[in-house]
Number of protein chains: 2
Amino acid sequence: MNTKQTKYVYAFTEGDGKNKQLLGGKGANLCEMTQIGLNVPPGFTISTEACLRYLDSGHTLPEGTMQEVREQMAALEKATGKLFGDAHNPLLVSVRSGSAISMPGMMDTILNLGMNSDTLNGEIEQTGDERFAYDAYRRFIQLFGKVALGIADELFDEPFEAIKKREGIKEDVGLSAEHLKEISEVFLEVVHGQTGRPFPEDPYEQLEVAIKAVFDSWSGKRAVDYRREFNITPDMANGTAVNVCTMVFGNRGNDSATGVAFTRNPGTGENVFYGEYLVNAQGEDVVAGIRTPKPIAQMADEMPDLHRQLEELRSKLEKHYAEVQDFEFTIEKGVLYCLQTRNGKMNTQAMVRTSVDLVEEGLISKEAALLRINPESLEQMLFPRLDPRANAEPLASGLPASPGAACGHVVFDADRAEAQGSTGKQVILLREETKPEDIHGFFASQAILTSRGGKTSHAAVVARGMGKPCVAGAEGIEVDVMARRAHIGDVIIKEGDVITIDGTSGNVYLGAVPTVESEFSEQLKTLLAWADNEAKLKVMANADIPEDAERALKYGAMGIGLCRTERMFNASDRLPIVLEMIVSDSLEERQAALDKLLPIQRQDFIELFTTMSPNSVTVRLLDPPIHEFLPSEQQLISDLQQLRHLRNAMRGSEILADTISLLYPGGIPEGGLPQVLQVADSSVVDEAIEKKQAILKKVRTLFEVNPMLGHRGVRLGITYPEIYAMQIRAILEAACACQKQGIEVHPEIMVPQVCTSEELKSVRRHVETIRAQVASDCGIEPEFKFGTMIEVVRACMRAGTLAEEVEFFSFGTNDLTQASFSFSREDAENKFLPMYNEVGILQDNPFEVLDANGVGKLMDLAIGWGREVKPGMKVGICGEHGGHPASIRFCHNIGLTYVSCSGPRVPIARLAAAHAALLEN
Amino acid sequence: MNTKQTKYVYAFTEGDGKNKQLLGGKGANLCEMTQIGLNVPPGFTISTEACLRYLDSGHTLPEGTMQEVREQMAALEKATGKLFGDAHNPLLVSVRSGSAISMPGMMDTILNLGMNSDTLNGEIEQTGDERFAYDAYRRFIQLFGKVALGIADELFDEPFEAIKKREGIKEDVGLSAEHLKEISEVFLEVVHGQTGRPFPEDPYEQLEVAIKAVFDSWSGKRAVDYRREFNITPDMANGTAVNVCTMVFGNRGNDSATGVAFTRNPGTGENVFYGEYLVNAQGEDVVAGIRTPKPIAQMADEMPDLHRQLEELRSKLEKHYAEVQDFEFTIEKGVLYCLQTRNGKMNTQAMVRTSVDLVEEGLISKEAALLRINPESLEQMLFPRLDPRANAEPLASGLPASPGAACGHVVFDADRAEAQGSTGKQVILLREETKPEDIHGFFASQAILTSRGGKTSHAAVVARGMGKPCVAGAEGIEVDVMARRAHIGDVIIKEGDVITIDGTSGNVYLGAVPTVESEFSEQLKTLLAWADNEAKLKVMANADIPEDAERALKYGAMGIGLCRTERMFNASDRLPIVLEMIVSDSLEERQAALDKLLPIQRQDFIELFTTMSPNSVTVRLLDPPIHEFLPSEQQLISDLQQLRHLRNAMRGSEILADTISLLYPGGIPEGGLPQVLQVADSSVVDEAIEKKQAILKKVRTLFEVNPMLGHRGVRLGITYPEIYAMQIRAILEAACACQKQGIEVHPEIMVPQVCTSEELKSVRRHVETIRAQVASDCGIEPEFKFGTMIEVVRACMRAGTLAEEVEFFSFGTNDLTQASFSFSREDAENKFLPMYNEVGILQDNPFEVLDANGVGKLMDLAIGWGREVKPGMKVGICGEHGGHPASIRFCHNIGLTYVSCSGPRVPIARLAAAHAALLEN
């Protein structure tokens with residue numbers, strides 16, 4: 001055992017400013033500031049070690065602690081020329097707790113410690129301000145009584161309010177010195193009554209009691225709960241320190257002041273000094289809001305010398321901390337004291353701007369500039385958001401399905417959205433749920449709102465792809481399409497009413513809530529260029545149509561990592577052909593429909609490849625079960641009922657125009673829409689019924705109990721090879737067409753839902769045949785790569801044999817997560833996942849944060865087995881996790897080549913990729 | 001290079017009887033028989049090596065081959081005293097192909113080779129039977145022409161038929177020597193005409209051509225296709241041998257005969273000589289069926305000496321081959337020749353009996369006795385099956401969902417099944433699909449037939465559990481419950497009509513097809529006891545109710561590996577309480593329903609534990625999504641429609657009795673069923689409507705897009721802990737109740753659908769609390785183990801951390817297979833799986849044969865990680881694979897402790913487990 005007496009107390013001039021574990025965050029910071037020459041009021045810190053000893057030894061201060069404290073107090077007396085407990089020029093101190101991590105539940109600050117009936121007079125003598133002295137005194141008694149002695153606040157507040165009431169005074173400032181004196185006396189009696197002892201007059205007794213109270217608060221229930229809740233382990237923070245600091249007052253006359261400042265503008269990041277001050281005031285006056293503080297700039301006129309000192313302080317702080325600082329200062333009788341400083345909290349725009357500026361000013365490295373920005377926070381800059389000052393009350397809420405805010409007039413179907421949106425009107429499409437056939441409504445709308453479905457519902461996925469805000473599954477909303485209105489509780493929203501939705505929070509508001517536009521600033525571009533230099537992962541975008549690709553490029557995507565070909569089927573001019581393909585009973589009929597789709601898809605690919613040239617474009621062959629392209633059974637039954645009623649009613653009578661859309665799904669016939677159909681037209685109705693019946697029959701045939709695990713992906717490619725053949729041909733012909741024009745293209749054919757190498761072999765045989773045909777037709781070898789999604793668990797297990805067939809892997813972590821957990825995302829997010837998060841079964845939603853221990857382990861195994869066969873093989877991820885920083889870091893660590901995410905998340909991913917490389921362990 | 005001349009030809013007296021690769025199966029067998037002293041006609045084998053050389057060198061016989069053949073022929077001449085090509089006493093031979101594996105597509109036999117115009121006369125001279133000689137001659141010409149020269153059969157058949165027609169002869173036997181002579185001459189012309197050369201007269205030329213034709217047939221299209229189809233690789237069979245054998249004739253008079261025999265009765269396995277013979281006849285006469293062969297026993301009178309020789313032959317064969325033999329013999333002029341022998345094909349009953357007998361007779365070891373029986377074949381003995389002699393034509397077919405055959409009167413709903421079945425009538429329940437509420441109908445029926453659903457449909461799973469035959473998804477059947485009839489094409493089946501179903505084949509027959517009962521014979525019991533001694537895997541049964549458990553015990557189950565508690569909910573007196581629990585909106589209501597279920601479940605467990613004592617019973621807590629206990633949305637809507645119509649119609653008018661069941665779902669009210677409801681009763685209707693509406697609402701709330709991946713298993717246990725609490729309490733209280741009576745019990749609590757250790761921890765906390773309460777209430781510590789299903793992929797990945805929480809793992813390979821492949825079984829088996837098998841993407845249905853490379857790999861990893869934490873931990877499997885031999889072997893190899901399967905498959909599993917241990921590599 002070390003017999004040498006342990007040192008427990010450190011003057012601010014001697015404590016190690018880096019040792020937060022020993023001195024607490026606040027103590028270390030006060031030491032640091034003191035030692036770099038900032039004018040901090042003299043003081044000292046009692047270490048966390050003392051705290052732990054104290055708690056371990058039955059709440060007894062370690063031997064010698066109070067002796068050390070007395071020595072430090074003597075030093076303070078020497079430094080200030082004041083004496084602790086002196087009746088003429090008394091030294092007052094503040095006592096604060098402070099552990100390595102800031103933590104609610106620990107003791108509050110006690111100010112003005114050292115006051116008693118003697119020193120009260122000393123204060124009056126020194127300041128000549130009786131009211132000030134009594135005010136300080138009654139505050140000290142209450143704070144000490146409450147914090148150090150555990151007396152309930154009400155016991156002080158009640159007599160205080162009684163006196164105010166008796167005197168007819170509303171505000172505390174109205175109280176005179178006499179009143180405050182009376183209050184002080186009452187408070188002393190309260191303490192005496194509650195503790196059975198008079199208020200401690202001895203300042204050292206006060207100090208010792210306060211120190212012990214701080215230490216006790218570390219093991220108090222609230223602090224213990226907090227540490228458990230936030231999983232704060234002893235290696236993060238163990239015990240609290242106590243900081244004892246000389247009191248300084250900004251309210252000692254017109255040569256005194258108090259204020260807070262940022263070294264730069266925290267709202268914009270601009271390199272201008274930013275802050276406020278009040279002359280002859282205390283910090284709490286600023287908080288009370290009775291007087292309006294003045295901007296710092298004004299100090300240059302009012303107190304030019306102190307303003308210069310403050311500028312110097314600002315510059316010293318930034319130079320030392322290499323970070324924007326948020327600091328507090330007090331001027332007591334012309335002397336500037338710095339009381340506290342910390343890194344300034346800023347919005348993302350300011351963070352980005354200061355990052356670039358600080359590098360250019362030589363204060364920090366590019367690495368540091370990248371690391372100081374949380375990648376996720378970039379979302380603020382990339383999507384419009386609600387004006388934070390708006391403070392509107394949401395009417396309903398759903399799932400935050402696609403970020404960004406937008407307002408517009410409500411429409412209840414895609415046709416109306418198109419009709420009104422095309423006239424320039426801002427509309428929001430509100431549906432129970434959306435279907436591929438609504439796609440034209442998405443294009444025309446500002447945002448999408450649905451009352452059913454989760455974050456992977458059609459509405460959510462399509463909106464994210466388009467970068468449009470979407471709130472999905474807002475279950476409080478009842479949509480009545482027929483009546484063209486929706487109910488939210490008692491509120492009724494009619495077509496044309498204005499609402500605002502916030503896809504970042506999931507909130508829905510009535511009326512127009514002001515929004516702030518997105519800004520892909522020059523500084524952000526600079527920063528992301530640095531990020532790209534650091535990152536090892538490439539960042540690709542998920543993009544299905546040329547418009548998406550162009551936006552993705554703007555965001556810095558290095559290629560397209562996932563083009564979902566089925567999205568191309570969704571345009572309203574194509575869906576009828578797709579329907580024709582699906583409903584066809586013979587290969588011939590199906591082939592005829594595919595022949596119509598081929599030139600359309602080819603043209604899509606030509607545009608996409610050209611836009612992205614010379615970057616790669618990974619095209620996924622048809623993935624979703626084909627029944628997803630069909631209307632729902634319910635919808636069809638209801639349509640059929642309506643049509644049959646119509647037919648029955650068609651004895652010369654008029655029919656509603658609404659029903660006509662059921663007759664002409666492809667659009668209004670030439671010559672305009674007949675308002676009235678006569679008996680002669682009943683064949684049109686019969687035909688419509690027949691068509692609907694055929695579709696209904698198909699819907700029933702294609703019904704699947706678990707569509708997520710059903711007839712989809714490559715399983716379709718094996719059972720209907722002609723569909724894949726069309727898509728492969730479209731890709732290869734498009735490649736040739738581009739190459740002939742001298743456009744460099746790198747298309748990649750990707751097969752979804754693969755679980756055996758036989759599936760890949762089968763598709764590859766088709767690719768080979770078609771490649772040979774296309775090459776001979778075009779007289780040029782199409783450039784392409786062949787790869788597979790890894791989104792089925794078995795594909796992970798068989799990664800070695802799959803690797804033999806392909807040039808790249810792309811993890812589809814959405815499906816892989818579903819299969820690994822046996823959680824259907826759509827069901828889980830509505831049913832048990834929230835509860836799972838709540839009771840702590842799962843920390844995160846695995847569909848948002850990649851589950852490293854389960855899904856990640858599978859990926860890691862698969863990469864290992866795959867690269868054993870094909871060393872260095874290209875491996876990417878194209879699930880939604882590809883855009884989330886923590887997951888990106890995981891992807892980096894397991895050696896992925898690239899991540900792919902929705903266009904607007906590309907900047908986030910680029911920064912996260914840089915972080916991953918910089919933080920690699 | 002070996003310059004020594006390679007030997008290509010082996011006399012039967014010198015070839016190595018074990019070397020099938022070199023001599024082919026037939027050749028090796030002929031050598032073997034010759035060398036153990038059986039009287040085989042002399043002959044020799046040309047090796048497969050010669051065949052391969054021949055094919056490699058452009059179809060040229062290796063040097064020296066014909067020289068060796070001539071030497072062997074000389075030896076045959078010496079042995080027989082006949083001369084090849086001799087005009088007086090000619091030697092005739094047969095030429096046959098024979099590779100290591102018997103294979104269709106290779107050359108047929110050529111008989112009587114050596115015949116020509118000279119030797120024809122020699123034959124006549126030797127036999128004095130001109131007709132015999134010409135008959136042999138014309139046969140040889142045709143066979144040689146067809147097989148060795150490739151001439152189409154029709155070219156011989158047409159003139160042959162023309163002559164018969166001209167002569168007015170119907171049967172070949174009617175042809176005279178003259179006719180056959182004419183035919184021979186015509187045949188010679190056919191050969192000349194087709195080949196452009198006269199028929200080869202030189203016997204050695206005949207022999208060489210025949211040998212080459214055999215070799216050529218190895219590379220013929222049919223043989224090559226066959227080898228590819230059945231994946232016969234060169235290490236299994238490479239090239240064919242040629243067997244040349246002296247001809248012997250059983251038609252040389254009354255001292256000649258021919259016959260076939262089994263060394264034991266192949267129908268029963270009884271140790272009696274079994275066979276037939278014909279005096280003065282050739283093998284083909286038996287086949288032609290013109291004369292009726294006599295039973296071997298009769299030979300003892302007719303040819304006592306030869307009968308004694310035959311008995312000797314029988315005994316030698318069995319002693320040598322240590323296996324029941326199926327052999328052919330010919331007696332030529334009083335000399336017995338054995339022409340061929342092979343292991344006798346027997347039905348399972350006979351296999352089992354002979355296995356036990358052969359061991360008792362000391363002919364084979366117990367190991368060999370076990371290994372000679374294919375475990376899967378035991379199914380024949382364990383389920384009733386269609387009488388193989390019945391030969392009925394199926395009316396429809398579906399999936400073979402639960403094995404066994406049964407016939408009975410069709411009923412269309414469970415109530416009728418119960419009503420009629422309880423009177424002792426044999427009924428078959430025919431439904432579109434079944435629901436838990438039909439369960440009482442299962443008990444009352446012989447078998448179940450559905451027109452929709454797969455092998456995992458409710459009907460299939462429940463029927464398998466009960467050991468009742470079931471054909472599921474017989475899509476050709478249209479069921480009209482209202483009209484109480486079904487259509488199968490044009491056939492109409494009315495209620496009460498008799499049908500037969502075969503759950504082993506999936507066929508459905510009109511009328512009663514005779515069936516053969518199952519037989520769990522004494523010999524089978526003996527055999528399985530030997531199996532248990534060898535096996536390392538324990539074999540448990542899946543059983544949900546005491547009746548199942550009793551049957552499982554009878555089949556030798558060593559415990560219950562899976563008791564699905566939810567099955568206990570399905571009894572018709574319980575389902576209403578379960579419904580009450582589900583529909584309840586508050587915890588209190590739910591708890592009230594659970595309180596009613598508790599004593600019922602406890603009683604179930606007491607019975608189950610008592611039945612199985614002292615074996616372990618593994619109880620799985622509630623697994624299926626609770627909506628599975630509810631009627632379908634469609635059903636409810638239709639019920640509601642009907643009820644509303646009824647209410648509207650209730651203006652004093654009569655209503656149909658059918659509808660009344662909708663009003664009294666719990667059964668007919670006391671006082672009997674009112675045939676007519678009066679207006680006064682309309683409140684009953686209102687109430688029924690209200691109840692149905694509440695259920696409908698619940699059904700809609702509980703709707704899931706992918707129920708397989710939904711709110712089920714432990715997820716229910718977490719969100720509704722009170723349900724699991726009731727089940728855990730029932731188990732532990734039942735254990736205590738048994739223990740108090742001195743009954744040794746080993747219940748195991750098993751948690752389904754686990755994916756994280758937090759889930760297990762949460763359930764374990766409940767178990768611990770309830771255990772303490774039960775122990776204190778009962779004054780006795782309940783005995784139990786705690787374990788988890790491993791059926792979610794993530795559970796495999798996290799096996800190490802899960803192992804910390806449990807005492808055993810049980811793999812649920814049904815779900816694990818679904819999740820690993822991302823195949824929904826119900827959808828896959830109806831949609832793409834058949835095609836996947838057909839085009840060879842998958843060799844097997846992974847739901848039937850455990851996928852070793854994918855699912856198995858996951859299991860292997862999980863066991864490794866789990867036992868790293870808990871060495872030697874008990875690990876089982878309770879998916880359907882647990883009853884399938886190949887999967888059981890895999891389970892043995894990866895170190896499982898036990899398999900659990902449906903009761904009737906327990907014997908199969910016991911034998912398979914022994915095989916796995918004996919065949920361990």
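Reminder, nothing fancy here: chain letters follow the sequence lines and each chain counts from 1.
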Item to check | Gap separating the CG atom of A/L709 from the CD atom of A/Q818, nearest 0.5 angstrom | outcome: 8.0 Å
Next on the checklist: Once rounded to the nearest 0.5 Å, what's the spacing between atom CG of B/L760 and atom OG1 of B/T788?
Outcome noted: 4.5 Å
Next on the checklist: Below 4.5 Å, heavy-atom pairs only: which of A/T719, A/V793, A/L716, A/D815 has the largest tally toward chain B?
Outcome noted: A/V793
Next on the checklist: Please rank A/K761, A/M835, A/E791, A/E759 by heavy-atom pairs under 4.5 Å with chain B and give me the top one.
Outcome noted: A/E759
Checklist entry - So which of B/A819, B/A795, B/C796, B/G713 has the biggest tally of heavy-atom pairs under 4.5 Å with chain A? => result B/A819
Item to check | For chain A, the option from B/S762, B/S822, B/C755 that forms the most heavy-atom pairs under 4.5 Å | outcome: B/S822
Checklist outcome for this item: Under 4.5 Å to a heavy atom of chain B? For A/L842 that would be side chain
Item to check | Atom group of A/V714 that falls short of 4.5 Å from chain B, counting heavy atoms | outcome: both
Under a 4.5 Å heavy-atom cut-off, does chain A meet the side chain of [X], its backbone, both or neither?
X	answer
B/T756	side chain
B/R798	side chain
B/Y836	side chain
B/D827	side chain
B/L861	side chain

Item to check | Atom of A/P624, atom of A/R712 and distance for their closest heavy-atom approach | outcome: C-CB, 4.0 Å
Item to check | Flag for B/N837-B/Q843: side-chain donor and acceptor within less than 3.5 Å | outcome: no
Next on the checklist: Looking at B/P846, is its backbone amide N or carbonyl O close enough to the side chain of B/D844 to form a donor-acceptor pair, meaning the two atoms are under 3.5 Å apart?
Outcome noted: no
Next on the checklist: Can you confirm whether A/E432 sits close enough to A/S451 that some side-chain heavy atom of one is under 4.5 Å from a side-chain heavy atom of the other?
Outcome noted: yes
Checklist entry - Under 6.0 Å from the CD atom of B/E475, do we count more than 12 heavy atoms belonging to anything else shown? => result no
Checklist entry - When the ring planes of A/F832 and B/H711 are compared, do they come out parallel, tilted or perpendicular, using 30° and 60° as the limits? => result tilted
